[in-house]
Amino acid sequence: MTNTKPIFDSWRSQPLTEVLYLCREAVEEADFSMVQRWRDAGGKTLGHFQVYFPAEIAHAAGMLPVKMCGAPVEPNNADSRFGSYLCSILKTSLELSLSGKVALDMFVSHPICDAARNLAAIWSRNHDYPSQILYLPQNANSSGSAAYLAHEYERTRVVIESVAGVTVSREALSRSIALYNQSRALVRELYVIKRDAPWKIAAEDAYSLVAIGGRIPVEEHIALLEAALPMIRENDAKAEDRVRVVFEGAFCEQPPLDLIRMVGRSCYIVDDDFLIGLRWLVEDVPESADPLRALAESYLERSSYSPVQHDLHKPKEKMLLKRVAAAKADAVVLAAAKMCEPGLEEQVAYVHELDRAKLPYFLSEFEENMSNFGSLELQVETFVENLLFG
Amino acid sequence: MTDSSIVGRGNREGARLFRAWFDDLTQAAERGERAAYVFVMGSMNEILKSFDFHVTFPEINSLQLAVRRVAHEYLREAEDYGYSPDICGYVKADVATQLRKGQHPMGRIPKPSLSVYTNACNTYVKWAEIWERMHKVPIFTVDIPGHRQLGLHTRPGDPDFDADRAYVEVQIRELITLCEQVSGKRFDIDRLRETMRHTNTMSRCWKRILELNSSSPSVFNALTDGTIYLGIANGLRGTLEGANYFEDLVEEMEYKSANNIGTQVDEKHRLTFVGVPCYPIFRRFDELFSDWGGTFVNSTYLWFASGGSNCGYQYDLTDPLASLAEGYLLTVRDAMDAMFDQTTMIRDAIDRFGVDGVVYHPIKSCRTVSTGLADSRRALMEETGISSLFIESDMMDRRVVSEAQLKNRIDAFFEGLISKKRLHSAAGGH
């Protein structure tokens with residue numbers, strides 16, 4: 001990495017509660033001060049919109065990959081760039097840049113949905129730096145998909161090199177892949193704790209520990225997780241009589257921390273699709289003489305699922321059932337971001353599948369900027385009481 | 001040749017062919033035969049027709065429900081089934097059509113045998129997944145990677161373009177294998193050449209027809225007449241009837257152009273339309289403009305909803321599969337640009353077509369075509385200073401169509417346009 005000075009190290013030598021508090025604060029902070037610290041030290045930044053981006057390529061070029069996944073801000077500048085009937089994340093992500101809260105040297109979006117596909121063009125009209133679409137394959141089952149994606153990663157590497165002003169060697173890519181493998185493995189360990197002993201860490205804290213990885217260098221994220229995980233394991237909190245749920249529907253726009261906290265008050269969220277892009281690769285990317293090809297194959301073959309990828313091998317409703325079974329969950333919180341077309345469409349398939357499987361679910365919509373959870377909490381509590389005592 | 005024999009022939013013949021197409025689908029459904037479900041942006045009709053699949057376009061089926069003013073019944077049924085009011089109205093209308101076993105005001109829509117779609121619209125993928133679940137049929141994505149950055153276009157010979165083209169060709173070969181499996185027929189490359197030849201004729205003609213509307217007065221209404229032509233351009237793509245229809249249509253438009261015959265509107269303001277029409281009040285929507293002497297001389301709809309046929313791309317029949325891949329890559333990309341990067345295309349058309357104003361019509365149902373319009377309009381006005389109007393409604397859902405509000409905005413737009421022209425004229429402009 002270009003910068004050697006840490007941008008998030010206030011957690012060091014702190015007890016677990018303080019570490020988690022600092023992570024929550026950092027994740028909710030709309031000024032992205034850590035990213036600014038990176039830039040103040042001379043570093044360059046690449047903002048990537050949801051869902052998945054091969055951060056390894058930006059990292060290998062010495063850039064800080066920054067996950068642009070909205071923020072609790074009013075889209076005062078961005079509103080005039082969009083029409084009505086749109087999800088919030090699109091507007092607030094652009095707002096972060098237009099308002100100067102996040103300064104970038106390059107922006108990348110993906111063809112995840114009809115709204116997001118417009119974002120690169122809008123971003124481009126409003127910024128001088130490259131704003132591109134990384135065309136992740138929409139046909140995951142073609143024999144040509146992996147070769148295509150490897151070329152697409154190669155094309156992206158060339159653009160990133162021109163922005164970063166460096167040449168990315170194969171060795172640098174392999175080193176970056178190894179680091180991201182390490183961070184993803186640590187996140188998987190965190191999810192094992194969530195599944196096996198969810199009382200040891202609150203849902204919003206687990207979320208923050210993962211989310212902060214979208215804002216800091218991977219080396220710092222590894223150090224943070226390596227310090228936090230043992231403390232979480234040693235946490236002597238006692239198990240409570242709560243319903244074990246899977247939270248599904250946060251693959252793109254993120255629910256506010258307060259909503260996650262609210263659900264966590266009466267349920268253990270034992271698995272979820274929060275920020276699934278950061279956990280898209282479910283196994284280590286193998287060492288290879290062709291690291292970009294290995295990354296491409298991992299995207300296609302060793303990956304999770306979401307409503308914005310069609311893959312004949314991963315029917316989403318069946319994948320949800322697998323997730324529920326693996327997590328030994330009692331129920332599902334099926335949420336969708338308001339105005340999110342793929343999320344809302346997938347909800348119908350999930351509902352029908354859960355009905356067939358006779359699995360209880362709580363159906364809801366959310367928005368990243370929502371702040372009043374009174375009636376929603378009442379509904380969740382009623383749902384939980386029905387399960388526990390019905 | 002007389003005016004009465006040629007003028008209006010395209011509309012009359014288009015209506016006849018359209019009806020015949022739906023009659024054929026209805027008869028197929030009655031016989032228990034199935035149809036390939038495809039979409040307007042990248043239908044792959046050339047391949048499907050070479051296997052003799054019946055082909056239906058659920059987008060067209062849905063818009064017909066709106067034009068025939070029964071869409072609300074279908075939307076309500078799909079919402080009762082679980083679909084949100086906030087998703088694409090075309091999808092919901094089709095879901096209800098499926099739940100009604102194909103019942104449709106134009107006849108009966110057969111069940112699907114397979115679905116083929118591109119990624120030109122992401123909702124195509126989600127839509128096809130519904131049929132996959134509902135009917136247990138194979139669905140096939142032809143992934144057409146679009147341009148990666150505003151204004152940066154790759155062309156044949158560029159390594160990035162060639163990589164994309166190779167990817168599309170692999171998928172086309174896989175699609176052919178699937179079609180063989182579903183139809184039980186062997187692929188015949190000469191049949192494919194034949195359908196591609198017809199598409200060549202149609203694309204060449206479509207490009208010419210759009211160009212002919214630069215005539216003054218304009219020779220057809222891009223909003224209303226254009227929608228009829230689009231129906232044939234999509235439904236009969238790759239067929240002899242389609243090719244003959246478009247050759248006749250070129251003849252009609254050239255005749256009108258040569259004889260200064262316009263539409264039925266006394267043309268005072270030449271407009272470009274951006275987006276998808278307001279089908280729930282289609283005729284009235286057009287009248288809100290034509291009452292002021294406004295005529296639509298072109299529209300982004302005629303670009304993207306023809307799947308980019310406006311490019312006039314000509315397949316090389318000596319190398320059909322490679323050419324099909326290249327053609328689809330270029331034309332579907334053009335369709336995508338007409339939705340995501342239409343500023344450049346509109347700017348280029350303003351002088352050629354003598355456009356006085358641009359009407360942006362984002363709709364609730366379709367984020368593909370609507371998300372970027374406000375920003376695109378801002379950029380176009382900054383570049384050109386042209387008058388523009390921004391009105392929101394829907395293509396399906398009359399609950400979000402307010403005719404009174406639309407009329408207020410449209411009237412104000414024309415008043416401003418007239419004032420601007422007067423000022424320009426007073427200042428010595430032409």
Side-chain angles (χ1 to χ4, degrees), chain A residues 79-87 90 111-126 130-135 137-145 147-148 151-152 155-156 159 307-308 310 312 315-317 336 338-342 344-349 351-352 365, chain B residues 81-84 86-88 91 118-119 121-123 125-130 132-133 139-143 145-152 159-160 163-164 166-171 174 336 339-341 343 362-376 378-379 390 392 400:
Chain A
D79 243 353
S80 64
R81 267 71 174 180
F82 297 103
S84 311
Y85 312 119
L86 281 177
C87 56
L90 215 62
I112 56 166
C113 71
D114 299 326
R117 292 178 68 194
N118 279 276
L119 192 57
I122 295 170
W123 210 285
S124 195
R125 288 190 208 104
N126 287 278
S131 302
Q132 293 223 332
I133 295 184
L134 171 66
Y135 259 94
Q138 301 285 291
N139 183 347
N141 305 112
S142 170
S143 60
S145 301
Y148 159 77
H151 184 91
E152 180 66 355
R155 185 195 65 76
T156 303
V159 180
V308 294
H310 176 74
L312 296 172
K316 291 169 277 288
E317 63 273 36
K338 287 186 190 300
M339 298 291 171
C340 169
E341 180 125 18
L344 289 165
E345 281 162 349
E346 206 63 55
Q347 257 193 349
V348 180
V351 161
H352 290 167
E365 290 184 26
Chain B
Y81 187 71
Y83 286 96
S84 164
D86 296 327
I87 69 159
C88 172
V91 173
T118 68
N119 57 313
C121 165
N122 283 59
T123 298
V125 185
K126 304 307 294 176
W127 198 342
E129 285 177 347
I130 295 171
E132 183 184 39
R133 288 164 176 141
I139 66 173
F140 191 96
T141 315
V142 183
D143 186 7
H147 290 128
R148 309 311 204 273
Q149 185 171 323
L150 199 72
L152 285 186
D160 289 337
D164 290 347
Y167 175 43
V168 174
E169 185 175 337
V170 168
Q171 295 175 83
E174 290 166 344
M336 293 182 200
M339 298 185 292
F340 308 138
D341 182 17
T343 316
I363 47 175
K364 180 182 180 185
S365 267
C366 183
R367 290 163 181 90
T368 316
V369 299
S370 304
T371 299
L373 293 192
D375 192 60
S376 172
R378 180 191 60 74
F390 196 82
E392 291 184 282
V400 285

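The sequence lines fix the lettering, A, B, ..., with proteins before strands; numbering per chain opens at 1.
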Any luck finding a side-chain donor-acceptor pair between [X] and [Y] under 3.5 Å?
{"X": "B:Thr141", "Y": "A:Asn139", "value": "no"}
{"X": "B:Asp164", "Y": "A:His151", "value": "no"}
{"X": "B:Glu174", "Y": "A:Ser142", "value": "yes"}

Fill in: Residue pair B:Arg378, A:Asn126: steps toward the side chain to side chain contact (heavy atoms under 4.5 Å, CB included) verdict
CA-CA 11 Å; B:Arg378 180 191 60 74; A:Asn126 287 278; 3.2 Å; yes
Please look at [X] and chain A and tell me whether the side chain, the backbone, both or neither of the residue comes under 4.5 angstrom of a heavy atom of that chain.
{"X": "B:Arg148", "answer": "both"}
{"X": "B:Pro362", "answer": "neither"}
{"X": "B:Cys88", "answer": "both"}
{"X": "B:Leu373", "answer": "neither"}
{"X": "B:Ser84", "answer": "side chain"}
{"X": "B:Glu169", "answer": "neither"}
{"X": "B:Thr118", "answer": "neither"}
{"X": "B:Phe140", "answer": "side chain"}
{"X": "B:Met339", "answer": "backbone"}
{"X": "B:Val91", "answer": "side chain"}

Worksheet item: Hey, does A:Phe82 have a side-chain heavy atom less than 4.5 Å from the side chain of B:Ser370?
Response: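 They are not in contact (no side-chain heavy atoms under 4.5 Å apart), so the answer is no.
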Discussion item. Would you say that B:Gln149 contacts A:Val159 through its side chain, given a criterion of any heavy-atom pair below 4.5 Å between the two side chains?
Written reply: no
Item to complete: Please assess A:Glu341 against B:Arg367 for the test salt bridge (Lys or Arg N to Asp or Glu O under 4.0 Å), listing each intermediate value before the final yes or no.
Response: CA-CA 9 Å; A:Glu341 180 125 18; B:Arg367 290 163 181 90; 2.8 Å; yes
Choice from [options] maximising heavy atom contacts with chain B below 4.5 Å:
{"options": "A:Pro137, A:Ala120, A:Ala140", "value": "A:Pro137"}
{"options": "A:Glu365, A:Lys338, A:Gln132", "value": "A:Gln132"}
{"options": "A:Glu346, A:Glu345, A:Glu152, A:Arg117", "value": "A:Arg117"}
{"options": "A:Cys340, A:Ala116, A:Pro307", "value": "A:Pro307"}

Tell me whether [X] contacts the main-chain N or O of [Y] through its side chain, where contact means a donor paired with an acceptor under 3.5 Å.
{"X": "B:Asp86", "Y": "A:Tyr85", "result": "no"}
{"X": "B:Glu392", "Y": "A:Ser84", "result": "yes"}
{"X": "A:Asp114", "Y": "B:Asn122", "result": "yes"}

Who among [options] has the most heavy-atom pairs with chain A under 4.5 Å?
{"options": "B:Gly146, B:Gly82, B:Cys121", "value": "B:Gly146"}
{"options": "B:Gln171, B:Arg133, B:His147, B:Met336", "value": "B:Arg133"}
{"options": "B:Ile139, B:Val400, B:Asp341", "value": "B:Ile139"}
{"options": "B:Val369, B:Val168, B:Leu150, B:Val170", "value": "B:Leu150"}
{"options": "B:Ser376, B:Ala379, B:Ala166", "value": "B:Ser376"}

Does any backbone or side-chain atom of [X] lie under 4.5 Å from a heavy atom of chain B? Answer side chain, backbone, both or neither.
{"X": "A:Val348", "value": "side chain"}
{"X": "A:Leu134", "value": "neither"}
{"X": "A:Ala121", "value": "both"}
{"X": "A:Leu119", "value": "neither"}
{"X": "A:Gln347", "value": "neither"}
{"X": "A:Ser145", "value": "both"}

Practice prompt. Could you tell me how the ring of A:His352 sits relative to the ring of B:Tyr81: parallel (under 30°), tilted (30 to 60°) or perpendicular (over 60°)?
Written response: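 A:His352 vs B:Tyr81 ring planes: perpendicular.
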Practice prompt. Quick one: list whatever passes side-chain contact (heavy atoms from CB on, under 4.5 Å) with A:Pro315, sequence neighbours left out.
Written response: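 A:Glu317, A:Lys318.
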Fill in: Evaluation steps, side chain to side chain contact (heavy atoms under 4.5 Å, CB included), between A:Lys316 and B:Glu129
CA-CA 10 Å; A:Lys316 291 169 277 288; B:Glu129 285 177 347; 2.6 Å; yes
Item to complete: Go through the steps to decide whether B:Glu132 and A:Leu312 satisfy the test side chain to side chain contact (heavy atoms under 4.5 Å, CB included), and finish with yes or no.
Response: CA-CA 10 Å; B:Glu132 183 184 39; A:Leu312 296 172; 3.5 Å; yes
Practice prompt. Could you pull out the closest heavy-atom pair between A:Gly83 and B:Ala374, with the gap in Å?
Written response: N-CB, 4.2 Å
Response to the item:
All heavy atoms of A:Gly144 vs all of B:Tyr167, minimum pair found to be O-CD1, 3.7 Å
Discussion item. Regarding B:Asp375 and A:Arg125, does a basic nitrogen lie under 4.0 Å from an acidic carboxylate oxygen?
Written reply: yes
Fill in: CG-OH distance between A:Leu344 and B:Tyr83, expressed to the nearest 0.5 angstrom
11.0 Å
